[in-house]
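To keep things clear, I will list the structure first and then write my remarks on it.
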Amino acid sequence: MPADSEGEKPQGEEEGHSKVNILMVDDHPENLLVLKAVLASPDYHLVCANSGEEALKHVLKQEFAVILLDVQMPGLNGFETANLIKEREKSKYIPIIFITAINQTMENVIKGYGVGAVDYIFKPFHPETLKLKVQQFVKIYQNHKKMREQSEVRRQNELKEVNEKLERTTHNLRKNEELARVIGETLLDTIITFDEQGCILSVNPAVTRMFGYTTGELLGKHMVNLLPGFSPSLMDYVREMTGQLLEASVKNKEGREVPVEIQIGEAQVEEEYLFVCSIRDITDRKKMEKERKRQYDILEKLVEERTRELSLANGQLRREVEEREKMAEALRLSKEHFYKIFQSSPSLIELRTLEDGKYIDVNESWLQHTGYTHEEVLNQTAPILNIAGVDHLKKGECVQNAEIQYQTKSGAIRHGLLSTEILEIQGEKCLLSAVTDITERVRLESEVARLDRLYLVGEMAAGIAHEIRNPMTTVRGFLELSKSDPGSLMVKYVDLMLGELDRANSIITEFLNLAKNKVSNKKRQYLNPVIEGLYPLIQAEALMNDKFVSLQLGECPEFYLDEKEISQLILNLSLNGLEAMKPGGKLVLKTYTEEDQVVLEVKDEGDGIKPELLEMIGTPFFTTKDTGTGLGLAICYSVAERHHAIIDLKTSEQGTTFFIRFTLTEEN
């Protein structure tokens with residue numbers, strides 16, 4: 001008969017999954033029929049084998065809860081079959097029940113137990129006893145299988161939980177690494193990491209701008225290549241200086257010395273100590289401090305030469321500036337002890353999504369300057385700073401050091417330099433914005449400009465007092481003379497006094513024309529017709545002194561100008577040029593267009609202007625003429641300013657050329 005009974009199904013079929021497999025091995029088919037009858041159950045899947053070899057094949061293919069094994073069989077007997085089953089790792093724990101009708105001696109029983117049997121049954125056996133024994137082994141198998149399944153489920157759940165934690169940790173690590181990389185690339189400061197021996201582990205791109213070295217030239221090298229005073233013997237000193245801000249002077253690749261600020265941080269990873277060195281180039285700050293000191297010295301000297309009131313005002317201003325510098329420096333030193341990469345930047349840095357403008361993060365400097373808290377900023381989509389002065393942000397374009405104004409939480413308007421960079425984080429485009437606050441610098445520049453104006457007012461006051469005092473002295477002298485001798489006051493002396501008074505009145509009139517904030521009556525017209533209208537007057541003046549005038553007028557576009565003011569400018573420059581030349585000299589008036597400017601040239605063939613006098617050109621009451629007031633050129637500069645024009649000049653021993661450059665704006 002076949003090895004398997006009719007009701008048997010292979011393990012792969014659907015029914016086999018819910019039944020327990022039991023293997024029955026006997027070389028007599030009638031014995032197998034008896035066993036099947038005794039053990040018949042819907043919960044069992046009975047598998048029959050006629051030999052030990054066939055039983056081993058079934059054990060290799062399927063998993064059994066219990067094996068009923070005949071001892072006396074041809075070929076492999078029961079003991080040999082059991083021994084082979086127990087040698088296999090996967091089947092060594094399957095319980096085996098020996099069933100025999102011949103080998104009933106104690107020696108055979110002991111041998112059966114020795115090869116791994118759990119029971120030894122003699123034929124004829126009691127069916128109910130066999131059935132109960134098999135049932136108990138099946139329960140043991142089912143409990144064991146259930147425990148294995150539960151253990152596997154717990155293991156799978158634990159593995160799943162560990163994988164989820166690992167994925168979250170990996171995601172956060174990648175995010176932090178990307179942020180650190182982007183911040184390192186956008187920072188202007190050089191960031192260097194090195195180990196306990198001073199060996200450089202990494203550098204950011206700023207090292208190329210500051211030192212001239214590439215990343216490949218520094219990795220693996222010692223810190224002494226960047227900081228000459230750094231040596232392995234100073235590592236203990238480096239640890240002591242960790243967190244402090246130091247100023248030093250280093251040399252770049254070309255050998256040029258660069259003033260820097262250095263700050264070192266220390267971290268421990270397991271048993272290894274790592275160091276982070278931040279190097280900031282303070283060349284511009286040093287130059288600004290030097291220039292500020294130079295300007296303060298000049299202002300102090302000029303103010304002391306004028307009045308005590310201005311001296312007191314300048315001294316007060318200097319003390320305020322020094323106090324503010326001390327306060328700002330103390331605040332900067334206090335903050336920089338806690339700067340670490342993103343949070344250590346003195347600039348206002350914000351990170352927003354490019355699509356909807358949602359705030360991802362802002363640094364501590366941003367919060368301090370604006371007055372907001374993290375809770376008020378994070379996940380907001382509307383712009384908070386209300387930046388004004390640049391339109392590129394609306395288009396998603398990057399800007400570099402664009403001058404802007406931004407608004408704090410209290411409503412205060414501050415000035416800054418904005419730089420932006422578009423980057424991608426976890427597949428999403430983001431906008432990194434850094435604002436360098438320059439409010440204090442703008443205020444100082446405004447204060448310096450105010451002092452310059454005060455100095456100019458003092459110069460003008462001294463000049464007008466000098467010019468008016470001369471005619472007043474003449475008039476007073478004649479009046480004193482007539483007081484003692486009225487008969488000596490002749491008509492010619494009266495005319496002389498009237499002339500001196502007219503001269504003083506002329507000086508005052510020109511000064512008022514220069515000083516008052518005149519509203520220009522500008523109209524859109526051509527420059528050349530204005531010059532042509534003045535040409536006869538200039539030509540007549542030239543011919544009276546045996547000199548010549550040449551017009552070289554090129555094609556120029558229309559633009560807005562005040563004809564009277566421009567006429568006065570042209571006449572002043574032309575008459576100055578004629579007076580500067582000797583007989584036979586030629587004055588040239590030339591116009592042309594240069595890029596977005598209309599240029600007027602007034603060129604003479606005089607002896608030129610001495611270099612030491614160039615700085616005084618255009619200063620009210622400065623003149624080289626015996627009878628001049630020094631207001632002509634000052635009025636020209638005032639007219640040019642009202643027309644958004646620039647006056648510059650070239651001079652040599654062969655003559656002087658004045659250039660008046662009118663910028664063509666969008667309105668023109």
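For the single chain, residues carry numbers from 1 onward in sequence order.
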* Asked: Should the pair Arg292-Glu289 be classified as a salt bridge under the 4.0 Å nitrogen-to-oxygen rule?
  -> no
* To do: For the residue pair Asp437 and Thr439, confirm or rule out a side-chain donor-acceptor distance under 3.5 Å.
  => yes
* Asked: Hey, does the side chain of Arg352 reach the backbone of Gly357 with a donor-acceptor pair shorter than 3.5 angstrom?
  -> yes
* Do other residues, nucleotides or ligands put more than 12 heavy atoms under 6.0 Å from Lys650 NZ? -> no
* Asked: Is Thr193 reaching over with its side chain to a backbone N or O of Ser202, donor-acceptor style, under 3.5 angstrom?
  -> yes
* For residues Leu561 and Lys522, determine if any side-chain heavy atom of one lies less than 4.5 Å from a side-chain heavy atom of the other. => no
* Asked: Tyr359 side chain to Ile384 main-chain N or O, any donor-acceptor pair under 3.5 Å?
  -> yes
* Asked: What are the two closest non-hydrogen atoms of Leu587 and Ser574, and how far apart are they?
  -> CD2-O, 3.7 Å
* Asked: If we ignore angles and hydrogens, is there a donor and acceptor under 3.5 Å between the side chains of Ser347 and Thr436?
  -> yes
* **Approximate separation, where rounding is to 0.5 Å, of Gln405 CD and Ile387 CD1** => 11.5 Å
* To do: Taking the side chain as every heavy atom from C-beta outward, state whether Arg280 and Val260 have any atom pair closer than 4.5 Å.
  => no
* Has the side chain of Ser365 got a donor or acceptor atom that lies under 3.5 Å from a matching backbone atom of Pro346? -> yes
* Are the side chain of Asp281 and the backbone N or O of Met210 linked by a donor-acceptor pair below 3.5 Å? -> no
* Asked: Quick one: does Thr420's side chain have a donor or acceptor within less than 3.5 Å of a partner on Ser433's backbone?
  -> no
* NZ of Lys429: more than 12 outside heavy atoms within 6.0 angstrom? -> no
* Asked: Stepwise, does the side chain to side chain contact (heavy atoms under 4.5 Å, CB included) test hold for Glu291 with Arg294?
  -> CA-CA 5 Å; Glu291 179 64 19; Arg294 187 184 68 84; 2.6 Å; yes
* Considering only heavy atoms from C-beta outward, does the side chain of Glu440 approach that of Arg443 to under 4.5 Å? -> yes
* To do: Mind listing the closest non-hydrogen atom pair of Val377 and Trp366 along with its distance?
  => CG2-CZ3, 3.5 Å
* Asked: Looking at Val602 and Leu573, what are the two nearest heavy atoms and their distance?
  -> CG1-O, 4.0 Å
* To do: Measure the shortest side-chain to side-chain distance between Tyr637 and Val639 over non-hydrogen atoms and say whether it is less than 4.5 angstrom.
  => no
* Asked: Should we say atom CD of Gln295 is surrounded by more than 12 heavy atoms from elsewhere, each under 6.0 Å from it?
  -> yes
* Around atom CD1 of Ile282, are there more than 12 heavy atoms of other residues, nucleotides or ligands at under 6.0 Å? -> yes
* Asked: Are any non-hydrogen side-chain atoms of Val203 and Thr190 less than 4.5 angstrom apart?
  -> no
* Are Glu322 and Arg319 close enough for a salt bridge, meaning some N to O gap below 4.0 Å? -> no
* **Separation of Arg414 CZ from Leu348 CG (nearest 0.5 Å)** => 8.5 Å
* Asked: Which class fits the ring pair Phe275 and Phe194: parallel under 30°, tilted 30 to 60°, perpendicular over 60°?
  -> parallel
* To do: Carefully, step by step, assess Leu527 and Cys556 under the rule side chain to side chain contact (heavy atoms under 4.5 Å, CB included).
  => CA-CA 7 Å; Leu527 176 62; Cys556 301; 5.6 Å; no
* Interatomic distance, Glu421 atom CD to Ile349 atom CD1 [nearest 0.5 angstrom] -> 12.5 Å
* To do: Could you give me the CA-CA distance, side-chain angles and deciding distance for Phe211 and Leu218, then say whether side chain to side chain contact (heavy atoms under 4.5 Å, CB included) is met?
  => CA-CA 11 Å; Phe211 290 93; Leu218 294 176; 5.9 Å; no
* Donor-acceptor pair, side chain of Thr591 and main chain of Gly554, under 3.5 angstrom -> yes
* Looking only at heavy atoms, what is the nearest atom pair of Cys199 and Gly220, with distance? -> SG-O, 3.3 Å
* Asked: If you measure from SG on Cys636 to CD on Glu565, what distance do you get to the nearest 0.5 Å?
  -> 11.0 Å
* Asked: In Å, rounded to the nearest 0.5 Å, how long is the span from OG1 of Thr283 to CD of Glu257?
  -> 10.5 Å
* Structure fact -> Looking only at heavy atoms, the pair that brings Asn204 and Ile191 closest together is OD1-N, 2.8 Å
* Would you say Ile660 and His643 make side-chain contact, with heavy atoms under 4.5 Å? -> no
* CG of Leu385 to NZ of Lys409: how many Å apart, nearest 0.5 Å? -> 13.5 Å
* Quick one: does Asp604's side chain have a donor or acceptor within less than 3.5 Å of a partner on Thr656's backbone? -> yes
* To do: Evaluate the side-chain proximity of Cys430 to Leu354: yes if any heavy-atom separation is below 4.5 Å, no if none is.
  => no
* More than 12 foreign heavy atoms under 6.0 Å from CD of Gln316: is that the case here? -> yes
* To do: Can you see which heavy atom on Pro557 is nearest to which on Leu664, and at what distance?
  => CG-CD1, 3.8 Å
* So, the side chain of Asp189 versus the backbone of Ser278: is there a donor-acceptor pair under 3.5 Å, distance only? -> no
* Worked verdict on Val588 versus Glu601 for side chain to side chain contact (heavy atoms under 4.5 Å, CB included) -> CA-CA 8 Å; Val588 178; Glu601 284 189 16; over 6 Å; no
* Quick one: are His374 and Val362 in side-chain contact, heavy atoms under 4.5 Å? -> yes
